[in-house]
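Here's the structure we're looking at; comments come further down.
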Amino acid sequence: MRFSNIICLLIIAAAAYTLYSVKYSVQAMDAEIAVLKAQIAEEKENVHVLSAEWTFLTRPERLSELAARYLEAQPVHGHQLAELHDVPFSDENIVQMASDNGAYDPPGKALEPAPSIRPGIIAAGGARYVR
Amino acid sequence: MFGSYRDNTTPPQKENRKSSRIVLLKNTGKHALERSRKRLVLVGLGFVICFGAVSVRLVEVAVIRGMRSGEEAALATYRANKPKYPRTDIVDRNGVMLATTLRTASLYAKPDQIRHPIEVAEELAAILPGINEKELAKGLSSGRSFMWVRRHLTPKQQQQVHNLGEPGLVFEPEFKRIYPHKGLFSHALGYVDVDAKGIAGVEKHFENYLHNDEGDAAPLVLSLDMRIQAILREELQKAVADFSGIGAAGIVLDIRKGELLSLVSLPEFDPHDPGYADPDHIFNRATVGTYEMGSTFKTFTMALGLESGVVNLQSGYDASKPIRIARHTINDDHPKNRWLSVPEIFAYSSNIGTARMIMDIGVERQRAFLKALGLFEPVSIELPETATPQLPSQWSTVSSMTVSFGHGISVTPLHLARAVASLAGNGALLPVTLVKGGNDGKEAGEPLLSPANVVNIRKLLRLVVEQGTGSKANAAGYRVGGKTGTAEKLKNGRYSRDSRLASFVGIFPAEDPRYVVLAMVDEPKGIKRTYGFAGGGWVAAPVVNNVISRMGPMMGLRPIYDLPSKKQNDPKHWVFYDGGSVHAVSF
């Protein structure tokens with residue numbers, strides 16, 4: 001009887017200790033979470049501000065001015081575009097792969113052909129003066 | 001009860017004791033009653049004092065302080081109405097930020113807590129440029145309890161004010177709308193007022209979405225493309241500078257989806273400070289400005305002539321003599337003084353030929369067609385800034401003729417771009433939108449043109465660029481089609497030769513158009529390089545050429561350079577690429 005009481009008391013003491021230690025560690029963690037949340041919010045805010053600044057600094061008018069001053073690059077011209085077919089060593093499989101995953105529009109896919117027109121020829125003097 | 005005591009056998013002493021106990025009890029009761037009465041009074045007094053204090057405080061707060069707390073009440077109302085979450089971002093079709101909201105601080109003062117108002121005003125004036133020091137000193141000496149000093153300080157200013165260490169100066173955390181591209185999207189985006197409420201443009205149209213109380217809305221994705229917007233603006237700015245124009249408008253419209261890729265109105269303004277902008281700069285020339293567009297309207301007359309069967313590509317009209325009707329004379333700007341075929345009338349922009357054609361078509365059909373093209377109503381778009389076209393007061397023969405070549409009717413550039421996109425696209429009125437995917441799931445309208453005539457219109461537009469007035473729009477490899485327009489502006493009731501409107505509306509690639517590009521320059525002046533000319537072909541067509549040359553590769557469109565060369569100056573022969581093969585067309 002007495003022995004079991006002692007055991008119970010010991011268990012209670014152990015449970016109480018565990019409870020308190022867990023509770024305090026949870027409290028500490030809560031505090032940590034709050035701090036982290038605040039930090040995350042602050043970082044998000046900073047990222048937001050920086051992305052706004054990035055957009056401001058990479059706006060096209062500024063980039064074109066900087067490019068004109070420091071680079072010798074020119075705007076891309078249609079002449080510089082080539083078909084994948086035009087590359088001398090191009091492999092049909094590569095072309096197929098590229099068009100399958102949407103990286104490349106083979107000719108005829110991008111431009112849906114309009115109905116072709118029949119060259120109409122009208123004899124000289126066939127002009128009609130309406131009115 | 002007492003009588004029964006006498007008959008009782010119980011000893012009298014006992015009885016006495018009993019009665020004295022009763023008396024005693026009576027005495028203690030009396031005493032207790034008095035005591036509790038005293039206590040009651042005490043408690044009552046306590047209550048009176050407490051409630052009295054509350055009442056006095058109530059009177060003080062409600063009546064005495066209420067009189068001078070109007071300013072504080074203003075702050076309280078302001079706080080209650082202030083947005084709790086930052087206004088939702090706006091991005092372009094590729095996710096580039098167009099508008100965002102950043103945290104800032106506004107400065108207010110509690111003048112009743114400021115001891116040296118003159119000195120504080122002096123210090124503040126040194127930190128905040130443009131503030132009226134005298135007014136500020138007056139406000140700070142007023143002894144009021146609240147006054148705004150300056151809204152939305154920069155972080156540097158905030159630090160400087162903070163360093164003053166004046167307890168009567170307080171910061172209010174706030175949000176400020178930021179447009180990283182400054183004026184580039186000013187007319188499409190619009191702007192917000194000082195409390196971040198949208199009052200123009202997309203900001204106003206989507207006020208409910210952008211101002212959300214949940215703080216979890218996804219960014220608003222517009223159909224605009226930042227790159228194309230920048231190109232169009234730059235090219236228009238060059239044209240305005242070269243020809244000393246007073247303004248310009250430009251539109252790039254996706255013909256398949258009806259989405260606007262670019263919407264430019266020049267001059268632009270800084271959307272952060274619309275209050276300081278010239279009203280003329282805030283005016284949206286692309287969607288609110290209505291103009292007599294001139295020859296670009298011939299596209300509609302041609303389409304109607306073909307669709308109604310009145311003309312075909314082989315017929316034509318005599319344009320050898322001006323038309324004289326009711327005190328008016330209709331002349332050609334590029335007179336050929338001979339019979340002209342229908343394609344020639346269009347390519348050389350003959351007013352005479354177009355006017356004769358509309359006479360055969362009839363005014364009723366003309367009105368019905370223009371109405372169906374959406375030219376009688378404001379364009380439905382996600383902007384509060386739209387305009388109703390100005391139509392002729394009566395549709396007489398003369399007005400029917402002038403409308404056929406774009407005079408006597410005023411529409412916005414957006415009307416024009418949409419109508420051309422509709423005719424060269426799939427032949428039905430195209431709904432236009434500023435939102436990415438804004439037209440998804442919308443049914444196509446009633447067809448206005450048969451597929452065959454859609455192809456004819458594309459060919460006619462291509463002809464104008466290949467051999468007609470729009471040759472300067474011929475961006476190499478991109479098969480541009482289009483129509484020039486040069487209109488004299490009505491000044492004080494008279495058409496003025498000096499104030500004109502030069503426009504060009506182009507489609508590309510002509511065989512299967514993907515985009516409409518419109519450029520319009522307001523009041524260009526002729527220069528040496530253009531031999532003094534300032535018409536659509538000289539001013540606006542090169543803008544469209546440059547825009548297409550630059551945006552074509554960007555949009556992944558394939559240039560084709562091996563088209564057979566045109567036969568110079570032979571309008572009866574033209575070359576048309578239809579996506580599969582190239583046709584040389586003679587007629």
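Chain A is the first sequence line, chain B the second, and so forth, proteins listed ahead of strands; every chain is numbered from 1.
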Bottom line for Tyr179(B): the part with an atom under 4.5 Å from chain A's heavy atoms is neither

Residue Glu53(A) versus chain B: region with a heavy atom under 4.5 Å:
neither

NZ of Lys176(B): more than 12 outside heavy atoms within 6.0 angstrom?
yes

If you count heavy-atom pairs under 4.5 Å between each of Met226(B), Arg550(B), Glu234(B) and chain A, which one has the most?
Met226(B)

Please check if the number of heavy atoms outside Met29(A) that lie under 6.0 Å from its CE is greater than 12.
no

Straight-line distance of Lys182(B) NZ to Glu61(A) CD, nearest 0.5 Å
6.5 Å

Rounded to the nearest 0.5 Å, how far apart are CG of Leu102(B) and NE2 of His48(A)?
5.0 Å

Closest heavy-atom contact between Arg59(A) and Pro180(B)?
CD-O, 3.7 Å

Say you draw a straight line from CG of Asp92(B) to OG1 of Thr55(A); how long is it, rounded to the nearest 0.5 Å?
10.0 Å

Tightest non-hydrogen contact, residues Met97(B) and Ala52(A), listed as SD-CA, 3.7 Å

Checking Arg103(B) against chain A: side chain, backbone, both or neither under 4.5 Å from a heavy atom?
both

Rounded distance (nearest 0.5 Å) linking atom CD1 of Ile231(B) with atom OG of Ser64(A):
10.5 Å

